[in-house]
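The figures here come from the full heavy-atom set of this structure, side chains too, leaving out hydrogens, waters and symmetry mates. In the text below, chain A, chain B and the rest are named by the order of the sequence lines, each starting its count at 1.
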Amino acid sequence: MKKLEALIRPERLEPVMEGLRSLGYPGATITEVKGHGKQKGVTHMWRGAGYRLEFLPKVKLEVVVLDEDLQRVINAVVKAARTGAIGDGKIFVYEVADAVRIRTGESGFQAI
Amino acid sequence: MKKLEALIRPERLEPVMEGLRSLGYPGATITEVKGHGKQKGVTHMWRGAGYRLEFLPKVKLEVVVLDEDLQRVINAVVKAARTGAIGDGKIFVYEVADAVRIRTGESGFQAI
Amino acid sequence: MKKLEALIRPERLEPVMEGLRSLGYPGATITEVKGHGKQKGVTHMWRGAGYRLEFLPKVKLEVVVLDEDLQRVINAVVKAARTGAIGDGKIFVYEVADAVRIRTGESGFQAI
Amino acid sequence: MRRFIVLAMFLLLMMVLMVTPALAEEAGEAKTPQGIETSLDTVWVLIAAALVFFMQAGFFFLEGGLTRAKNVSNAMLKGAMDFCLGALIFWAVGFALMFGADRGGFLGTGGFFANMADPQWNGLPLYVFLFFQIAFAGAAATILAGGIAERFKFGAYCIATVTITGLIYPVVGHWIWAEGGWLYRLGMLDFAGSTVVHTVGGICALVGAWMVGPRAGKYDPDGTPRAIPGHNIPMAALGTFILWLGWYGFNPGSTLKASPAIATVAMTTTLAASAGGAVAMFLTWARYGKPDVSMSMNGILAGLVAVTAGCAYVSMVSAFAIGLVAGVLVVFAVEFVDRRLRVDDPVGAVSVHAVNGIWGTIAVGLFAQASYGEANGVAAVNGLFFGGGVAQLGKQLLGIVSVSAWVAVTATLMFLALKKTVGIRVSEESQRVGLDVSEHNLEAYPDFQPAVAEKGGM
Amino acid sequence: MRRFIVLAMFLLLMMVLMVTPALAEEAGEAKTPQGIETSLDTVWVLIAAALVFFMQAGFFFLEGGLTRAKNVSNAMLKGAMDFCLGALIFWAVGFALMFGADRGGFLGTGGFFANMADPQWNGLPLYVFLFFQIAFAGAAATILAGGIAERFKFGAYCIATVTITGLIYPVVGHWIWAEGGWLYRLGMLDFAGSTVVHTVGGICALVGAWMVGPRAGKYDPDGTPRAIPGHNIPMAALGTFILWLGWYGFNPGSTLKASPAIATVAMTTTLAASAGGAVAMFLTWARYGKPDVSMSMNGILAGLVAVTAGCAYVSMVSAFAIGLVAGVLVVFAVEFVDRRLRVDDPVGAVSVHAVNGIWGTIAVGLFAQASYGEANGVAAVNGLFFGGGVAQLGKQLLGIVSVSAWVAVTATLMFLALKKTVGIRVSEESQRVGLDVSEHNLEAYPDFQPAVAEKGGM
Amino acid sequence: MRRFIVLAMFLLLMMVLMVTPALAEEAGEAKTPQGIETSLDTVWVLIAAALVFFMQAGFFFLEGGLTRAKNVSNAMLKGAMDFCLGALIFWAVGFALMFGADRGGFLGTGGFFANMADPQWNGLPLYVFLFFQIAFAGAAATILAGGIAERFKFGAYCIATVTITGLIYPVVGHWIWAEGGWLYRLGMLDFAGSTVVHTVGGICALVGAWMVGPRAGKYDPDGTPRAIPGHNIPMAALGTFILWLGWYGFNPGSTLKASPAIATVAMTTTLAASAGGAVAMFLTWARYGKPDVSMSMNGILAGLVAVTAGCAYVSMVSAFAIGLVAGVLVVFAVEFVDRRLRVDDPVGAVSVHAVNGIWGTIAVGLFAQASYGEANGVAAVNGLFFGGGVAQLGKQLLGIVSVSAWVAVTATLMFLALKKTVGIRVSEESQRVGLDVSEHNLEAYPDFQPAVAEKGGM
Ligand SMILES: Nc1ncnc2c1ncn2[C@@H]1O[C@H](COP(=O)(O)OP(=O)(O)O)[C@@H](O)[C@H]1O
Ligand SMILES: Nc1ncnc2c1ncn2[C@@H]1O[C@H](COP(=O)(O)OP(=O)(O)O)[C@@H](O)[C@H]1O
Ligand SMILES: Nc1ncnc2c1ncn2[C@@H]1O[C@H](COP(=O)(O)OP(=O)(O)O)[C@@H](O)[C@H]1O
């Protein structure tokens with residue numbers, strides 16, 4: 001099992017989820033995060049003084065998948081999340097040592 | 001060392017923390033996330049139009065434990081978080097390569 | 001590649017980011033989390049009844065780095081985040097199996 | 001529930017058909033001093049009534065601010081609907097019971113839908129008097145909302161509020177404010193309604209909060225109360241100041257007449273409110289180590305409630321003293337209700353309105369000065385502290401006891417009946433997700449991330 | 001844009017230089033009954049005007065609460081600026097067009113910058129009349145804001161609002177309220193402005209919302225509307241109650257005179273609002289399964305808008321009936337506009353103000369009773385239901401049709417001109433980040449974490 | 001601190017015992033024109049005072065909205081308590097110093113606790129005059145709150161506010177508004193208090209903000225200011241509009257008499273506010289590229305402050321011009337205070353109240369027209385622009401200089417004394433967690449996730 005952690009633009013969440021569903025992975029966890037990368041922050045104004053928001057809102061999407069599905073899932077996420085502009089985000093992949101479904105106590109790949 | 005990442009119902013947080021404490025793991029990090037799984041979203045109404053919230057609020061609880069305590073911690077979390085209904089959540093386990101306590105600089109299992 | 005996950009005091013975020021930048025790692029993801037550890041919660045009052053906030057606000061900073069930079073990055077974070085008092089936080093390190101830059105599709109260390 | 005809705009709509013429609021339209025009063029050509037005076041009184045009472053009306057918003061903001069985000073839309077709708085329904089029922093029924101032809105000192109009758117023979121009420125156009133009374137009835141009813149917040153069924157609340165405005169409150173109003181009322185004739189004094197409005201509302205809140213039971217998680221198994229912090233302090237602060245503003249209609253407006261007396265009443269009101277707020281702030285500072293914001297706001301309201309009965313009978317200094325005592329009382333009362341009675345009253349409705357309504361009514365028997373009553377053109381009575389002996393105090397106590405008994409009994413019967421029929425308490429699950437979702441399918445703040453509750457008791 | 005700003009500032013400065021200062025009226029020594037009466041009328045109309053002024057805050061809070069957090073600062077500034085700019089332009093131009101010497105029943109002229117020969121207006125000091133009219137003009141203009149919320153360019157909004165207050169609204173006002181106006185002479189009745197203010201504002205909102213197009217994401221490709229929940233329900237509730245409070249200036253104040261008639265008007269206003277709110281609540285309960293908070297608030301406003309035309313001509317029971325119908329109308333109108341017309345009206349401005357403005361104007365032709373009009377010192381007319389036949393109804397309908405046509409045409413031309421020049425719709429990207437950032441470089445709530453939108457249609 | 005609390009409570013109690021109750025005035029049977037007139041004046045001044053009272057809520061909402069979420073409960077309590085404590089102290093002491101028997105033109109004496117021989121004040125019931133003055137004193141004191149927001153000790157604030165209301169403000173009031181006051185006799189004109197209220201409050205804010213030092217993180221080591229955005233723009237907008245509403249009591253109410261003059265005053269007030277808001281909006285648009293919301297709100301307030309001195313002496317066009325200048329001034333003043341003076345004034349209290357209070361006072365010397373003063377029944381004076389030469393201007397300047405000197409000196413002494421004793425600045429750690437937690441053990445919004453501050457300077 002692998003965990004795929006995608007940092008994407010908030011407005012791309014819906015198409016990405018769509019893509020995951022079509023691959024049979026409806027389950028996922030999302031977190032609102034702020035990201036900093038190549039993309040420059042935005043400048044706001046407050047009573048005549050400018051200030052930069054260095055971090056921009058991103059969504060972190062976590063989905064645990066079976067090893068054999070990994071590449072397909074990555075491709076689907078990349079396809080749905082890409083706009084081609086700076087700030088599209090990244091995907092990181094981690095090894096998952098184990099998984100447990102709390103409701104049933106099942107573990108391993110059955111828990112996904 | 002292993003990291004245990006449990007996605008649980010917000011209202012089960014207190015009993016789960018209780019369980020961890022009794023196993024000698026008072027330290028933990030929680031994040032408010034939204035989850036999607038087998039559990040169906042809820043329908044709200046806005047001025048006559050229904051809309052679904054596809055993601056439901058969950059708590060992500062992260063606790064890093066020694067390898068030897070892993071199973072006991074998993075069991076405790078499962079026990080405290082389970083209601084038996086869909087939406088009870090999942091636990092994922094990851095290998096931790098290293099840990100550092102910032103205050104002292106200690107690393108490895110001493111840092112936990 | 002390694003992921004460094006630092007749980008730090010919110011007010012230390014700026015110096016830590018400063019440190020990372022100087023090591024050539026401007027990219028990072030932050031999440032607002034709540035932490036529980038050795039540090040005691042705070043007591044608030046509500047209409048004559050006290051209540052404890054067991055969890056204190058922390059920032060989770062995630063940054064994926066090349067293996068060779070790991071130690072230097074850890075040192076920089078520890079240096080910038082440390083106050084010496086309880087509650088300074090922890091760093092956990094994880095192995096990253098892969099990374100993908102969504103914009104370009106590049107993967108591996110080129111994606112960082 | 002659907003049956004209940006259909007019934008309600010049917011009843012509303014019935015009203016249209018049932019009633020013969022009243023003839024409006026004639027608009028006197030306002031050229032004579034007499035005519036100008038009537039116009040002036042009308043303007044004054046109308047503006048006062050509008051300010052009292054606006055207190056509804058004060059009440060629902062206070063409640064909303066002192067409770068959790070997940071129940072705030074429910075608080076808004078309760079506050080809006082208790083006025084809408086209350087205004088209709090008070091117009092249709094309550095006003096007649098309160099000010100219609102007296103029956104044995106207990107109840108008025110006649111004049112349903114404000115169909116009264118005389119288009120004037122003591123020289124005041126009937127409709128402005130009615131408007132003023134509707135605003136008061138709304139205040140009496142909405143006090144309940146705060147006490148039973150975060151766990152009461154919305155439908156049951158609607159029925160309760162209609163019962164209070166249509167029956168429980170007008171009967172008390174008749175006793176004390178209608179010329180034939182038995183307490184009125186006895187000489188009990190309650191100038192602007194410490195008893196009529198606040199004790200009535202406060203006791204309804206007490207009975208309701210007690211019968212519906214505490215919010216889930218409010219008490220540990222061993223009975224220790226847990227803090228459930230309100231979600232928006234500025235909202236509660238604005239609510240308090242809207243209420244205070246409204247009180248400048250509530251108290252001086254109760255003269256029902258534009259006269260210099262309103263100046264005196266405005267000042268007693270100001271001093272009592274200020275004293276109540278100041279003392280509650282200092283007292284919580286001493287007791288809890290830091291000045292407490294929501295209790296200080298309650299202190300202001302306690303001072304206002306307490307001076308309401310006596311505002312036209314007492315001196316400035318007495319008003320100040322009444323406010324001081326009120327500010328102390330409210331702090332201890334909140335603790336007492338929470339810890340000893342174990343009644344869960346999220347906003348302090350019982351302590352502010354019932355306790356201080358009673359205190360204010362007693363205070364008239366202590367602090368009244370004939371010179372003030374006379375100057376203000378109301379009853380000239382001396383209280384215990386000003387050489388009047390215990391005569392007036394006795395009347396005040398009798399009034400308090402009778403009213404409390406009436407309200408306690410009728411409110412208990414009402415909540416019992418509701419409990420047996422539609423039910424009054426929402427499920428634990430509904431409380432968990434919040435009444436906004438469970439009762440209204442709505443989130444109050446969908447754009448914001450709610451924080452996980454992780455509060456511990458102490 | 002910069003050129004536009006410079007131009008605007010230049011115009012503002014021109015005003016200073018262009019005008020000869022008017023001589024103020026003499027302050028009569030208020031000792032005679034006559035003098036006192038004038039003072040009393042001045043006090044009453046001034047307070048009424050202040051309450052109507054405060055409705056601006058009600059409007060911008062209602063809009064802000066029913067839309068998303070990322071556009072709320074824009075809503076605030078729109079509401080503030082349409083009053084600031086509107087007051088200036090109405091003083092400079094609008095007032096003269098509305099109440100200046102009549103030209104053929106269509107338009108007033110003369111009296112720009114309130115330079116009128118007579119310092120009085122029917123016995124009322126000219127300036128308090130002007131203040132009252134400015135507050136009304138502000139209300140008419142700000143209705144647009146809610147309808148075009150979350151996607152309209154701020155600069156274009158400023159120009160639109162100035163055009164409404166300076167031209168579109170005063171012309172209608174002249175027709176119906178100025179003594180020479182053709183509808184006035186015909187005998188069309190609109191006591192406090194169901195047509196003059198609300199239909200005008202509502203139709204501007206309809207045209208504007210239609211021409212600017214729906215918010216990004218509001219309609220699926222197949223035309224199914226998606227819900228875009230408002231971000232702050234208590235804010236909308238407070239807005240509603242501020243508006244209701246303001247209506248006690250709006251309707252009774254339209255007597256422009258302190259007289260007992262204001263009592264009757266205050267009560268008809270109260271009953272219609274209450275009926276509208278109550279029925280909308282029950283109706284949504286029946287239709288959607290649970291009582292809907294924001295629609296109930298709309299129901300209150302619908303009742304208020306509907307009774308505005310007839311508040312001085314109808315009985316209590318009729319007012320109640322008018323409110324009942326309004327509460328039903330608003331619920332169905334919101335659905336109709338959203339689903340059938342596919343016009344995206346985030347706050348229901350069209351349903352509340354246009355639909356119920358029309359209904360209220362018609363209602364005069366149905367429910368008017370000569371006895372009420374007479375008692376209130378206004379036109380004594382009987383409507384269809386009270387033996388007056390269809391005569392009055394015909395006049396009302398003629399008025400509605402003419403006004404709607406005038407507004408529809410002028411508003412369309414105005415928005416077209418804006419579209420061709422400065423543009424009216426912000427980009428999709430601006431909508432995504434929100435107008436607060438794109439139009440004002442500001443976040444309304446920087447201290448709070450916004451939640452990711454993840455709503456699905458149904 | 002505990003000792004301070006005990007002392008305060010003791011002092012409060014002392015008041016009860018110390019004072020002989022005043023005899024209330026007689027309520028004249030209001031049948032004669034004379035009697036009706038008094039009643040009318042009472043109603044008018046009472047309502048005006050209630051509106052001014054409500055400005056407290058406007059002030060604390062403005063401050064709360066323009067500062068951070070972690071300090072908002074503190075802002076609420078400051079605003080509530082400066083009124084509560086201020087009302088008590090002004091009743092006990094301030095009123096006597098301001099309006100008691102004159103001593104050498106400098107100070108009033110006698111009439112503590114409003115124990116004055118005459119129950120009337122120029123024909124107005126003493127108590128309504130007192131109520132009006134209390135509301136004014138509250139406004140003068142609460143201006144400080146915004147300037148020292150987010151870093152001032154709550155206890156020290158309480159003492160400061162009592163000192164302002166009890167001493168600093170009444171002395172100025174005596175000079176300018178009491179018949180024996182030296183500036184009054186000299187003929188300095190400040191109709192509703194640009195100097196008496198706003199300059200006094202604004203200079204207190206300036207001295208306080210300067211002495212307490214900037215908020216942690218406000219200035220970079222090199223002195224560059226960093227933006228610290230406010231947490232809730234709608235809150236600030238509502239605050240602004242509550243203030244504007246209150247100004248319709250503040251300015252026209254200062255006639256202390258119901259007369260047609262209030263109409264003129266209401267209109268000058270409206271035009272100046274509108275001009276100030278409009279010009280600030282356009283100016284920020286031109287300077288910063290986009291129209292700035294909070295500065296536009298400040299522009300409205302600047303216009304209001306500036307017209308306060310002259311509202312009864314100037315024409316409509318002049319009021320418009322005064323507002324225009326005010327709107328420009330406030331924008332540059334905010335930048336100047338922030339960048340050049342490096343005084344950290346989170347809400348712009350200095351720029352709005354001190355700068356424009358001074359400008360408004362000067363404006364009387366420029367724009368006054370005898371015809372207006374006469375028509376409004378106040379002093380008939382021509383300013384520089386209307387043929388009056390520099391005479392009046394000189395008096396105005398003398399007044400400004402004397403008042404500024406008095407306030408600057410006494411405020412400095414006061415803050416110094418506080419600094420040496422209880423201290424005025426909370427620790428950096430307290431600022432970091434916020435005053436809500438550190439001073440009141442409270443979170444204002446526990447249900448919401450606060451966002452981590454991650455702002456950078458530029
Ligand atoms: N080294 C890193 N470690 C962790 N997260 C990162 C790292 N670099 C980038 N990110 C995350 O990825 C997001 C997008 O990065 P960015 O460089 O702007 O994307 P892109 O290169 O695709 O334009 C950032 O907002 C941040 O959340
Ligand atoms: N494949 C997955 N990857 C990541 N998180 C998941 C995955 N599947 C489920 N989750 C998380 O687990 C939560 C519970 O899932 P659900 O299927 O509803 O639980 P259960 O099967 O125990 O009833 C979800 O809300 C989501 O946060
Ligand atoms: N075992 C653990 N697993 C996960 N997170 C932990 C663990 N222990 C501590 N933390 C995180 O680290 C933070 C700091 O812990 P604490 O023990 O207070 O620090 P320190 O020992 O440096 O004073 C906590 O708030 C929590 O977020």
Side-chain angles (χ1 to χ4, degrees), chain B residues 1-8 10-35 57-67 70 73 77 80 92-112, chain C residues 1-9 12-13 15-16 19 29-41 51-62 64-65 67 70-97:
Chain B
M1 284 171 296
K2 292 279 189 304
K3 173 166 87 166
L4 194 141
E5 181 178 291
L7 299 151
I8 59 173
E11 67 268 26
R12 305 307 298 165
L13 175 60
E14 251 189 68
V16 169
M17 286 302 296
E18 194 59 53
L20 290 178
R21 257 193 299 276
S22 70
L23 289 178
Y25 281 102
T29 302
I30 63 169
T31 314
E32 290 165 28
V33 300
K34 304 209 168 164
K58 297 277 168 196
V59 162
K60 182 203 276 187
L61 180 99
E62 289 166 289
V63 52
V64 173
V65 300
L66 298 181
D67 290 344
L70 180 64
V73 171
V77 171
F92 299 118
V93 180
Y94 307 90
E95 188 64 38
V96 179
D98 199 3
V100 180
R101 166 172 285 126
I102 293 175
R103 175 163 49 91
T104 57
E106 294 160 284
S107 71
F109 71 94
Q110 291 182 311
I112 302 190
Chain C
M1 283 171 295
K2 292 279 190 304
K3 173 166 86 169
L4 193 141
E5 180 179 293
L7 300 151
I8 60 173
R9 298 180 191 274
R12 305 309 298 167
L13 176 60
V16 169
T29 302
I30 64 167
T31 314
E32 289 166 29
V33 301
K34 303 209 167 163
H36 192 286
K38 290 218 178 57
Q39 193 185 12
K40 286 282 158 301
Y51 64 98
R52 287 190 73 75
L53 293 179
E54 294 294 348
F55 291 93
L56 296 174
K58 297 278 169 196
V59 162
K60 183 203 275 186
L61 181 99
E62 290 165 291
V64 174
V65 299
D67 289 345
L70 179 64
Q71 201 50 52
R72 260 183 300 150
V73 171
I74 289 181
N75 292 347
V77 171
V78 167
K79 193 167 152 234
R82 182 176 329 186
T83 70
I86 278 194
D88 271 355
K90 305 216 163 147
I91 299 173
F92 299 118
V93 180
Y94 306 91
E95 188 64 39
V96 179

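For C:Ala76, the side-chain contact (heavy atoms from CB on, under 4.5 Å) criterion is met by C:Leu23, not counting sequence neighbours.
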Any idea which donor-acceptor pairs are under 3.5 Å between chain B and chain C?
{"unit_1": "B:Lys3", "atom_1": "NZ", "unit_2": "C:Glu5", "atom_2": "OE1", "d": "3.4"}
{"unit_1": "B:Pro26", "atom_1": "O", "unit_2": "C:His36", "atom_2": "ND1", "d": "2.8"}
{"unit_1": "B:Ala28", "atom_1": "N", "unit_2": "C:His36", "atom_2": "O", "d": "2.8"}
{"unit_1": "B:Ala28", "atom_1": "O", "unit_2": "C:His36", "atom_2": "N", "d": "2.8"}
{"unit_1": "B:Ile30", "atom_1": "N", "unit_2": "C:Lys34", "atom_2": "O", "d": "2.7"}
{"unit_1": "B:Ile30", "atom_1": "O", "unit_2": "C:Lys34", "atom_2": "N", "d": "2.8"}
{"unit_1": "B:Glu62", "atom_1": "OE1", "unit_2": "C:Lys60", "atom_2": "NZ", "d": "2.7"}
{"unit_1": "B:Glu62", "atom_1": "OE2", "unit_2": "C:Lys60", "atom_2": "NZ", "d": "3.0"}
{"unit_1": "B:Ala97", "atom_1": "N", "unit_2": "C:Val93", "atom_2": "O", "d": "2.6"}
{"unit_1": "B:Asp98", "atom_1": "N", "unit_2": "C:Val93", "atom_2": "O", "d": "3.4"}
{"unit_1": "B:Asp98", "atom_1": "O", "unit_2": "C:Val93", "atom_2": "N", "d": "2.8"}
{"unit_1": "B:Val100", "atom_1": "N", "unit_2": "C:Ile91", "atom_2": "O", "d": "2.7"}
{"unit_1": "B:Val100", "atom_1": "O", "unit_2": "C:Ile91", "atom_2": "N", "d": "2.8"}
{"unit_1": "B:Ile102", "atom_1": "N", "unit_2": "C:Gly89", "atom_2": "O", "d": "3.0"}
{"unit_1": "B:Ile102", "atom_1": "O", "unit_2": "C:Arg82", "atom_2": "NE", "d": "3.3"}
{"unit_1": "B:Ala111", "atom_1": "O", "unit_2": "C:Lys90", "atom_2": "NZ", "d": "3.0"}

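Of the two parts of C:Ile86, the backbone and the side chain both hold a non-hydrogen atom closer than 4.5 Å to a non-hydrogen atom of chain B. Contact annotation for B:Val64: only side-chain heavy atoms (C-beta onward) come within less than 4.5 Å of a heavy atom of chain C. Only the side chain of C:Ile74 comes within less than 4.5 Å of a heavy atom in chain B; its backbone stays farther off. For a residue to count as touching a neighbouring chain, one of its non-hydrogen atoms must lie under 4.5 Å from one of that chain's; by this rule B:Met1 does not touch chain C.
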Run the side-chain contact (heavy atoms from CB on, under 4.5 Å) check on B:Ile102 and C:Ile8 step by step: do they pass? CA-CA 8 Å; B:Ile102 293 175; C:Ile8 60 173; 3.7 Å; yes
For B:Phe92 and B:Leu4, what are the C-alpha separation, side-chain angles and deciding distance, and is it a side-chain contact (heavy atoms from CB on, under 4.5 Å)? CA-CA 6 Å; B:Phe92 299 118; B:Leu4 194 141; over 6 Å; no
Show the numbers, then the answer: is there a side-chain contact (heavy atoms from CB on, under 4.5 Å) between C:Val59 and C:Val16? CA-CA 11 Å; C:Val59 162; C:Val16 169; over 6 Å; no
Let's go through B:Leu70 and B:Val93 carefully: what are the C-alpha distance in whole Å and the side-chain angles of both, what is the deciding distance for side-chain contact (heavy atoms from CB on, under 4.5 Å) to 0.1 Å, and is it a yes or a no? CA-CA 9 Å; B:Leu70 180 64; B:Val93 180; 4.0 Å; yes
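Summarising the geometry, atom CG belonging to B:Leu61 is positioned 9.5 Å from atom CG belonging to B:Leu7; distances are rounded to the nearest 0.5 Å.
The heavy-atom pair separating B:Ala6 from B:Val77 by the smallest distance is CB-CG1, 4.0 Å.
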